[in-house]
Protein chains: 2
Amino acid sequence: MACESSFIIIKGVFKAFLEERRLRKTPERYSILEEVYNAKGHIDMDTLYLLMKNKNYRVSRATLYNTMELLLECRLVRKHQFGNKSSYYEKAFFKSEHDHVILTDTGEILEFSDPRIESIKETIEEVFNIKIDKHSLHFYGERKQES
Amino acid sequence: MACESSFIIIKGVFKAFLEERRLRKTPERYSILEEVYNAKGHIDMDTLYLLMKNKNYRVSRATLYNTMELLLECRLVRKHQFGNKSSYYEKAFFKSEHDHVILTDTGEILEFSDPRIESIKETIEEVFNIKIDKHSLHFYGERKQES
DNA sequence: GTTTGTGCAAATGCTTTGCAATTTG
DNA sequence: CAAATTGCAAAGCATTTGCACAAAC
């Protein structure tokens, strides 16, 4: 990947997670982690599956889904659902939390981060007496015409 | 429904929409609108289908999906997706815009409304030079233990 | 050697589609 | 009566599951 050295850390985080959970450190699990981290932005299961098939990895969709579940649990990967379509996954480590704008005409996905969401979160936690674990904020819109 | 008189307005909105689009005013379309407006909160397709079956309406799932599409387009109904599950629909008229908290342990869904989301929206519109049509904000969390 | 994890294929669950029969305008 | 809409059943997808085989520990 682009920055080899940083991936060693990621891999170490996953290794520690697997050990703590007494799960097996299979090559498939590491390859999937690596491919998600190689991906530019958001990647869906089908693309990932075909990508790995083309690279002659031996992976099944079942293993992809199973492993992704683990990567979500140890927070190395984040999952998003835009519209009705299939889920998208993206690396979470070394990448700050952000939300998304979905351009409904082109399908393009923009990222942004706004601190005010954090203050809304705090208010909601107080009002309902809950502990918020995560959030998702999506804006749907279209580019303005240049005129 | 609870407030018969207000439903006449809703029905009128739908009627106007159908006329403008030169679509046919079928009894199925009006019944579906009515049932969604009868529902307390969010309702999913399966529940709605069984509900209507039990009331001896003649409706198919296909018609439910088709009609719901129309109701979404004329903004009489809003659609939500929480987690990976099936979509939920709810009446939009006479009900202010709101966002959701999903309690991950119980599956309970709470509603809230926070004006700060509107200011975030305005910022995003400026920054990306886009026109935002709608948004969805979900918080995922759990109730705090009483201790 | 046990037990967990894997690939495969079949199953599931929500949603969409094709089509003949029906209904609206 | 022509065209749109319906119900039904079948098809589509993304995701999950069951199970025999393979690989970690």
Side-chain angles (χ1 to χ4, degrees), chain A residues 11 14-36 42-74 77 79-89 107, chain B residues 11 14-36 42-74 77 79-89 107:
Chain A
K11 202 169 158 179
F14 194 34
K15 182 164 172 283
F17 171 81
L18 293 173
E19 281 169 359
E20 195 197 305
R21 290 279 203 97
R22 258 151 261 223
L23 298 169
R24 293 183 178 175
K25 299 184 272 297
T26 67
E28 288 82 3
R29 287 177 174 165
Y30 288 117
S31 324
I32 293 167
L33 172 66
E34 192 161 350
E35 286 309 314
V36 176
H42 309 96
I43 192 165
D44 65 275
M45 278 301 194
D46 206 55
T47 307
L48 183 59
Y49 177 73
L50 295 173
L51 188 93
M52 295 188 77
K53 272 287 170 196
N54 287 342
K55 290 195 184 181
N56 292 318
Y57 281 105
R58 255 176 87 263
V59 269
S60 65
R61 287 172 200 279
T63 303
L64 278 171
Y65 280 103
N66 287 337
T67 303
M68 210 59 90
E69 200 53 49
L70 296 175
L71 293 173
L72 288 170
E73 281 175 44
C74 67
V77 167
K79 178 179 179 178
H80 306 288
Q81 285 188 287
F82 308 121
N84 306 358
K85 300 178 244 293
S86 51
S87 300
Y88 286 83
Y89 301 84
Chain B
K11 202 169 158 180
F14 193 35
K15 182 164 173 283
F17 171 81
L18 293 174
E19 280 170 359
E20 194 196 307
R21 290 280 205 96
R22 259 151 262 226
L23 297 170
R24 292 183 177 175
K25 299 186 272 295
T26 66
E28 288 82 3
R29 287 177 174 165
Y30 287 117
S31 325
I32 294 167
L33 173 66
E34 191 160 349
E35 287 309 313
V36 177
H42 309 99
I43 192 165
D44 65 275
M45 278 301 194
D46 206 55
T47 308
L48 183 60
Y49 177 72
L50 296 173
L51 187 95
M52 293 187 78
K53 272 286 171 198
N54 288 342
K55 290 195 184 181
N56 292 317
Y57 281 104
R58 255 175 88 266
V59 268
S60 66
R61 289 172 199 279
T63 303
L64 279 172
Y65 280 103
N66 286 338
T67 303
M68 210 59 92
E69 199 53 48
L70 296 176
L71 293 173
L72 288 170
E73 280 174 47
C74 67
V77 166
K79 178 179 178 176
H80 306 288
Q81 285 188 285
F82 308 121
N84 304 359
K85 300 179 242 294
S86 53
S87 300
Y88 286 83
Y89 301 85

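Just so we're clear, the structure is a prediction, and the values are computed from it rather than from any experiment. Residue numbers begin at 1 in each chain, while the letters A, B, ... track the order of the sequences.
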For atom NZ of B:Lys15, is the number of surrounding heavy atoms from other residues, nucleotides or ligands below 6.0 Å larger than 12?
no
Say whether, by atom type as modelled, one donor and one acceptor occur between the side chain of A:Arg29 and the main chain of A:Arg24 under 3.5 angstrom.
yes
Tell me the closest heavy-atom pair linking A:Leu72 and A:Val77, and the distance in Å.
CD2-O, 3.3 Å
Could you give the CE-to-P distance, from B:Met68 to D:dT5, as a whole number of Å?
17 Å
Could you tell me how far apart B:Leu70 (CG) and C:dT16 (P) are, to the nearest whole angstrom?
13 Å
Taking atom C1' of C:dC8 as reference, at what distance in whole Å does atom NZ of A:Lys53 sit?
10 Å
When you check the gap from the basic side-chain N to the acidic O, do A:Lys11 and A:Glu34 get nearer than 4.0 Å?
no
Output for pair (B:Glu73 CD, B:Leu70 CG), nearest 0.5 Å, gives 6.0 Å
Walk me through it: do B:Glu28 and B:Tyr57 pass the test side-chain contact (heavy atoms from CB on, under 4.5 Å)?
CA-CA 8 Å; B:Glu28 288 82 3; B:Tyr57 281 104; over 6 Å; no
Which is it for B:Leu18 and B:Tyr30 under the side-chain contact (heavy atoms from CB on, under 4.5 Å) test, yes or no, and what are the steps along the way?
CA-CA 11 Å; B:Leu18 293 174; B:Tyr30 287 117; 4.2 Å; yes
Please report the distance, rounded to the nearest Å, between CD in B:Glu19 and C1' in D:dA4.
16 Å
In whole angstroms, how far is the P atom of C:dC14 from the NE2 atom of B:His80?
18 Å
OH (B:Tyr89) and CG (B:Leu64) are apart, to the nearest 0.5 Å, by 9.5 Å
What string of B, S and - do you get for nucleotides 12-19 of chain D, 5' to 3', if B is base contact, S is sugar-phosphate-only contact and - is no contact with any protein heavy atom under 4.0 Å?
--SBBB--
Within less than 4.0 Å of OP1 or OP2 of D:dA3, is there a side-chain N or O belonging to B:Arg22?
no
Double-helix bend of the helix from C:dG1-D:dC25 to C:dG25-D:dC1, axes at both ends from 5 pairs, round to 10°, gives 30°
Rounded to whole Å, please give me the gap between CE in A:Met52 and P in C:dG7.
9 Å
Can you pull every protein N or O that's under 3.5 Å from an N or O on nucleotides 22-25 of chain C?
unit_1: C:dT24; atom_1: O2; unit_2: B:Arg24; atom_2: NH1; d: 2.8
unit_1: C:dT24; atom_1: O2; unit_2: B:Arg24; atom_2: NH2; d: 3.2
unit_1: C:dG25; atom_1: OP1; unit_2: B:Lys25; atom_2: N; d: 3.1

Would you call the rings of B:Tyr88 and B:His42 parallel, tilted or perpendicular, taking 30° and 60° as the class edges?
perpendicular
Please determine whether side-chain contact (heavy atoms from CB on, under 4.5 Å) holds for the pair A:Met68 and A:Leu48, giving the CA-CA distance in whole Å, both sets of side-chain angles, and the decisive distance to 0.1 Å.
CA-CA 11 Å; A:Met68 210 59 90; A:Leu48 183 59; 3.5 Å; yes
As a quick check of understanding, evaluate side-chain contact (heavy atoms from CB on, under 4.5 Å) for B:Arg61 and B:Asp46, giving each step before the final call.
CA-CA 8 Å; B:Arg61 289 172 199 279; B:Asp46 206 55; 2.8 Å; yes
